[in-house]
Q: 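Quick one: this structure, given as structure tokens, is what I'll be asking you about.
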Amino acid sequence: RQSIRLPLLTGALWLASVFLIGGLLPGFLQRYVVEPNELTLETPYIEHNIEFTRRAFDLEKIESQSFGPVRDLAPEDLLENEDVLRNIRLWDYRPLQQTYQQLQGLRPYYAIGEIDVDRYEIDGVQRQVMLAGRELDKSRLPAPSWVNRNLEFTHGYGVVMNPVNEVTSEGQPNFFIKNLPPQSRVPEIEVTRPEIYFGEMTDDTVYVGSARQEFSYPSGDENVYTNYEGTGGIVLDSSLKRLAFAMRQSDPNVLLSRDITSTTRVQFRRQIQDRVRELTPFLMLDADPYLVVNDEGQLFWLQDAYTASNNYPYSTPTRIAVRPSVVQTTPGGVALPEPSRTVNYLRNSVKIVIDAYNGTVAYYVSDVTDPIIQSYAQAFPGVFQPLDQMPADLRAHIRYPIDLFWAQARQYLTYHMTDVRVFYNKEDLWQIPTEIFQDAEQQTEPYYVTLPIPGQRTPEYLLILPFSPATKNNMIAWMAVRNDPEVYGEIHVYELPKQELIFGPLQVEGRIDQEPAISQQFTLWDQRGSSVIRGNLLVLPLNQSFLYVEPVYLLSETSALPELKRIVTASNTG
């Protein structure tokens with residue numbers, strides 16, 4: 001029809017509908033129907049949200065109980081907890097990383113990996129240690145060439161290890177394992193296969209088992225060489241394979257080099273997380289794989305993996321950091337923030353073991369109740385093995401992953417409230433407390449400790465974190481997850497008396513600053529061309545008391561070697 005009245009009328013009706021139904025009606029219902037009866041109307045949805053969020057993050061298994069009355073720390077508390085004091089972590093992993101690099105890097109082309117925390121049985125007693133692998137940084141080779149980058153410098157070498165509670169008179173770690181080749185002062189931990197062909201920082205392609213010997217480690221004025229004897233990599237036993245890898249690498253030297261023979265193996269995807277992601281891209285990886293020395297002295301990487309979803313009904317999502325294998329930077333070289341993934345369901349369903357020498361990857365199911373890993377196990381038969389098939393000397397080093405603990409702790413800040421009315425009013429909201437590191441506040445990080453769980457006398461390996469009330473700095477509770485194999489994964493929350501003041505980490509930091517002798521010493525050090533580094537403030541429950549421990553390091557402006565100079569301790573009363 002020639003008239004446009006009908007289209008105009010239709011458009012007007014559509015705009016009116018959008019304005020009334022999409023704009024006025026929801027506001028009208030919210031103001032005059034929902035607000036006067038909000039708690040009653042939203043109760044079913046709040047109940048579903050609480051129930052399903054707790055299910056999705058496995059918060060239902062957390063056992064909450066009262067810590068009981070807190071009393072002053074007495075000398076007998078220290079005497080009764082000698083095993084605890086023997087395993088107090090005096091070394092913060094951040095300054096220790098610099099110390100390792102300065103003392104045990106030994107050559108410019110060696111790079112110390114991330115510091116890991118673990119425990120080993122030494123002299124019949126469990127000792128907590130810190131350790132890191134010594135990997136290659138080929139960007140620092142003095143005379144880089146195709147031959148030494150691809151055929152000679154093929155692997156890192158050895159580990160560095162120190163007990164968490166020992167320090168030399170110079171303020172340096174008292175090493176259990178050091179130097180090249182690795183020298184151990186504890187017979188229970190001897191490294192017999194120190195070569196690291198697959199690691200955290202190893203991301204290039206090499207050709208091993210060639211006619212040219214591989215550099216192993218420096219010894220005085222000479223170098224020690226070796227030949228690869230393992231099974232890692234693909235054998236280049238035909239001209240077709242050499243051609244294929246020459247094309248893959250865009251490297252004609254693979255065809256032209258006379259050192260590459262029919263027994264040579266090409267090793268690629270040597271960065272362990274990239275290796276795992278290529279095999280099982282459907283698993284989300286924990287940000288911190290850690291190195292283990294087994295009973296035979298071989299090196300293995302343990303990697304925690306998660307099954308995750310963002311489609312779990314009614315569950316409140318959280319964000320998990322997804323660390324890339326290579327740090328992403330801007331064109332100007334500035335590091336970009338680590339990417340993250342939003343999930344509202346999370347399970348640590350798999351423990352992965354990667355052989356540092358051969359690169360073999362083995363998957364073990366650690367949560368058989370997870371329906372997602374059950375589906376993957378059926379889809380890929382033979383890939384996922386029961387956890388009890390993991391070698392016992394590696395299973396003894398399994399630990400609860402920090403990324404999962406972080407996610408559960410953050411959700412528990414709100415979802416420890418299961419009463420709908422209390423949840424609705426946010427009457428008992430908690431927060432992660434803060435502490436001081438390098439003159440700046442940061443959230444207190446979870447830390448591994450050796451402690452007896454309240455009610456027990458035998459110390460065990462725990463991962464713990466204190467909590468504070470929202471907008472307050474005192475301590476309201478602390479969470480602990482057990483790591484020993486027979487009780488692995490049990491989570492306990494101990495709530496503190498609300499009518500008493502129990503100091504939180506930031507309040508103890510303030511007390512340290514207000515102590516004249518300590519503050520004067522800090523000021524004096526800062527004025528003499530040095531800087532003070534305050535390490536992790538540990539909150540350790542001892543019997544019915546608390547011991548606060550903070551290591552203090554001194555870093556000279558002319559040296560990158562932090563030294564442990566003081567240990568500040570405090571109780572809840574002094």
Q: Distance only, no hydrogens: is a donor on one side chain within 3.5 Å (strictly under) of an acceptor on the other, for Tyr376 and Asp370?
A: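 Absent: no donor and acceptor within the cut-off.
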Q: Who are the salt bridge (charged side-chain N to carboxylate O under 4.0 Å, His left out) partners of Glu195, not counting sequence neighbours?
A: Arg193
Q: What residues, two or more places apart in sequence or in another chain, satisfy ring-ring contact (aromatic ring centres under 6.0 Å, His included) together with Tyr110?
A: none
Q: So if I apply the side chain to side chain contact (heavy atoms under 4.5 Å, CB included) rule between Glu460 and each of Ile453, Asn483, Thr450, which one comes out positive?
A: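 Result for side chain to side chain contact (heavy atoms under 4.5 Å, CB included) with Glu460: Ile453.
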Q: Of all residues at least two apart in sequence or in a different chain, which pass the salt bridge (charged side-chain N to carboxylate O under 4.0 Å, His left out) check with Asp428?
A: Lys498
Q: My understanding is that only residues two or more places apart in sequence, or in another chain, count here; which of them pass salt bridge (charged side-chain N to carboxylate O under 4.0 Å, His left out) with Lys426?
A: none
Q: Compute both the distance and the angle, then confirm whether Arg119 meets the cation-pi test with Tyr448: under 6.0 Å from the six-membered ring centre, within 45 degrees of the axis.
A: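 Negative - Arg119 is either too far from the ring of Tyr448 or too far off its axis.
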Q: Could you pull out all residues at least two apart from Tyr415 that satisfy ring-ring contact (aromatic ring centres under 6.0 Å, His included)?
A: Phe423
Q: Partners of Tyr364 by ring-ring contact (aromatic ring centres under 6.0 Å, His included), sequence neighbours excluded?
A: none
Q: Asp137: which residues meet the salt bridge (charged side-chain N to carboxylate O under 4.0 Å, His left out) condition with it, sequence neighbours left out?
A: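 Salt bridge (charged side-chain N to carboxylate O under 4.0 Å, His left out) check on Asp137 returns Arg140.
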Q: Could you check whether Tyr207 and Phe245 have their ring centres less than 6.0 Å apart?
A: no
Q: When the side chains of residues 278-287 are checked against the rest of the protein, which donor-acceptor pairs come out under 3.5 Å, sequence neighbours left out?
A:
residue : atom : partner : partner atom : Å
Glu278  : OE2  : Arg269  : NH2          : 3.4
Thr280  : OG1  : Val276  : O            : 3.0
Thr280  : OG1  : Tyr363  : OH           : 2.9
Asp286  : OD1  : Tyr306  : OH           : 2.5
Asp286  : OD1  : Asp403  : N            : 3.4
Asp286  : OD2  : Asp288  : N            : 3.0

Q: Got a sec, which residues hit side-chain hydrogen bond (donor to acceptor under 3.5 Å, both in side chains) with Glu490, two or more places apart in sequence or on another chain?
A: Arg482
Q: Distance-only check: which donor-acceptor pairs under 3.5 Å involve side-chain atoms of residues 378-391, not counting sequence neighbours?
A:
none

Q: Honestly, is Arg55 close enough over Phe52, meaning NZ or CZ under 6.0 Å from the six-membered ring centre and within 45° of the axis?
A: yes
Q: Who passes side-chain hydrogen bond (donor to acceptor under 3.5 Å, both in side chains) against His397, sequence neighbours left out?
A: Asp118
Q: Run the ring-ring contact (aromatic ring centres under 6.0 Å, His included) test against Trp301 and tell me which residues pass, sequence neighbours left out.
A: none
Q: Within 45° of the six-membered ring axis of Tyr228 and under 6.0 Å from that ring's centre, is NZ or CZ of Arg265 located there?
A: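 No, Arg265 does not lie over the aromatic ring of Tyr228.
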